[in-house]
Amino acid sequence: MLYILHTYGCQMNVRDSEAVCAMLDASGHRLAPSENEADLIVVNSCSVRGKAEDKALGKLGLLCATKRERPGRVIGLMGCMAQRLGSGIFDKVPGLDFSVGTRRCGAIPRLVARVLAGETNICEISDPADTPDVPDAHTEAGFSAFITILLGCNRRCAYCIVPDVRGPEFSRPAREVVAEIAALARHGVREVTLLGQSVMNYGRTNEVWDASAPASPGGFTEPFARLLEAVAAVPGILRIRFTSGHPSGCTDQLVRAMRDLPQVCHHLHLPVQSGSDRILSLMRRGYTRADYLGAVGRLRDAMPDFALTTDVIVGFPGETEADFEETRSLMGAAAFDNAFIFKYSPRPGTPAADWDDDVSEEEKMRRNQVLLADQDVRGLAANQALVGSVQQVLVEGPSLRNAARWSGRSPGNKIVVFDPRPELTAGTLADVRISRAAPQTLYGDLVP
Ligand code: 5AD
Ligand code: SF4
């Protein structure tokens, strides 16, 4: 069948979708040139905010309506919303053929076969704590790949649905992760992004290193730092990124691994959520404003070129104007390169859902706008500070806006645009001297 996937949510979903594409290809299906031509459509959904679920539900409704003209079409749902709603989804979306939970996406080719054999309303949701059936398949495209190393989450942040839909933490064995990355590198992958909800918790809740594994050459004893070192030793891997971070993971060993392993990019996505100690405590984030800024200080001291990005929630229950101003000032103090600002959205079953969602929609919107405007100024200043510097970019090829120019990303994950040279190929590292900065982009010239 010709298939297409629609992916909402985070990089973990992007990675799962990629694996599902690879499995569907292996089962004889083919990617459709466009949705219109697709006979099999799978929506990979996110539950993190109400709006994310509304989008996926809207899309599913439209897709299922097309079955009137195209009765043979197969429509499926996967991801966090599938996990959260269980078989209840079939009442909300008549015409849906299958729904598969977060740790069961490896079952999709089999489910498609069952639908083709006449079954419908198939619900393949397991307890999220079950052993995962998440394939390590990858599509053979590009030189950058996501690798999930830590499934689930053991934190219980008061606002967050993720522990319910992705289950408790499970760290994949280090040997398996390194083998997967070595195979990708042999197929031309040059950059890997290691994924986990709290990725630095890797190996803290289950053993990941065999007793027979050789000792770390750099003397790393913490499982995540040790994994970074092992991935850096894989031939062909030029760059390593990882996301998301938590201040408790910013240990001396982690900072040392980032500083001393040349493949590890000096960039961290470290969601702060709020700058008010009172709100951080209500959110159950497990750190204070001072802890957060302390971690940032250690990272910056070790790496003068360190780039920092974050997530912030505005309008958490009980957030006052004074709390909000604390967030504003923290964002200045942390000097973020980029920030994603979200309006609080109550999620059913989370502790905060029982509390009064007492900040009005207008006020959430205003706080959101204020932080975005601050960040625009700050982001531009951070980029302007790079004018004159030489940035090492991983070359991606012709730029999206203007195919005559090429683009790549800096270690700090900024898009860098430059004029190509005939001998330049995608997937290699090149040095670019920055001559101009825009809020989201750097411009420059290749250094011979
Ligand atoms: N409401 C709004 N934003 C949320 N996030 C997580 N849960 C919620 C919620 N209930 C945000 C956090 C997280 C990002 C992925 O989504 O900022 O870091
Ligand atoms: Fe969305 Fe969170 Fe699920 Fe990612 S893990 S898809 S952000 S709910």
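We number each residue from 1, following the sequence as shown. Every number for a ligand or one of its atoms is a count from 1 in the order of the listing. Atom set for the values below is all heavy atoms of this structure, side chains included, hydrogens, waters and symmetry mates excluded.
- A donor and an acceptor atom, one from each side chain of T309 and H267, are located under 3.5 Å apart.
- Heavy-atom proximity to F342, at under 4.0 Å, picks out these atoms of ligand 1: 3 (N), 11 (C), 14 (C), 16 (O), 17 (O).
- With a 6.0 Å cutoff to the six-membered ring centre and a 45° limit on the axis angle, R436 counts as a cation-pi contact of Y443.
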Determine, step by step, whether F170 and R103 satisfy the side chain to side chain contact (heavy atoms under 4.5 Å, CB included) criterion, reporting the C-alpha distance in whole Å, the side-chain angles of both residues, the deciding distance to 0.1 Å, and the verdict.
CA-CA 11 Å; F170 172 77; R103 292 197 182 186; 4.2 Å; yes
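- Proximity to V48 (heavy-atom distance under 4.0 Å) selects the following atoms of ligand 1: 5 (N), 6 (C), 7 (N), 8 (C), 9 (C), 10 (N), 16 (O).
- By the criterion of a heavy-atom distance under 4.0 Å, the side chain of Q273, and not its backbone, is placed next to ligand 1.
- Taking 4.0 Å as the cut-off between side-chain N and carboxylate O, R155 and E169 do not count as a salt-bridged pair.
- The residue from R49, H269, Q197 that puts a heavy atom closest to atom 16 (O) of ligand 1 is R49.
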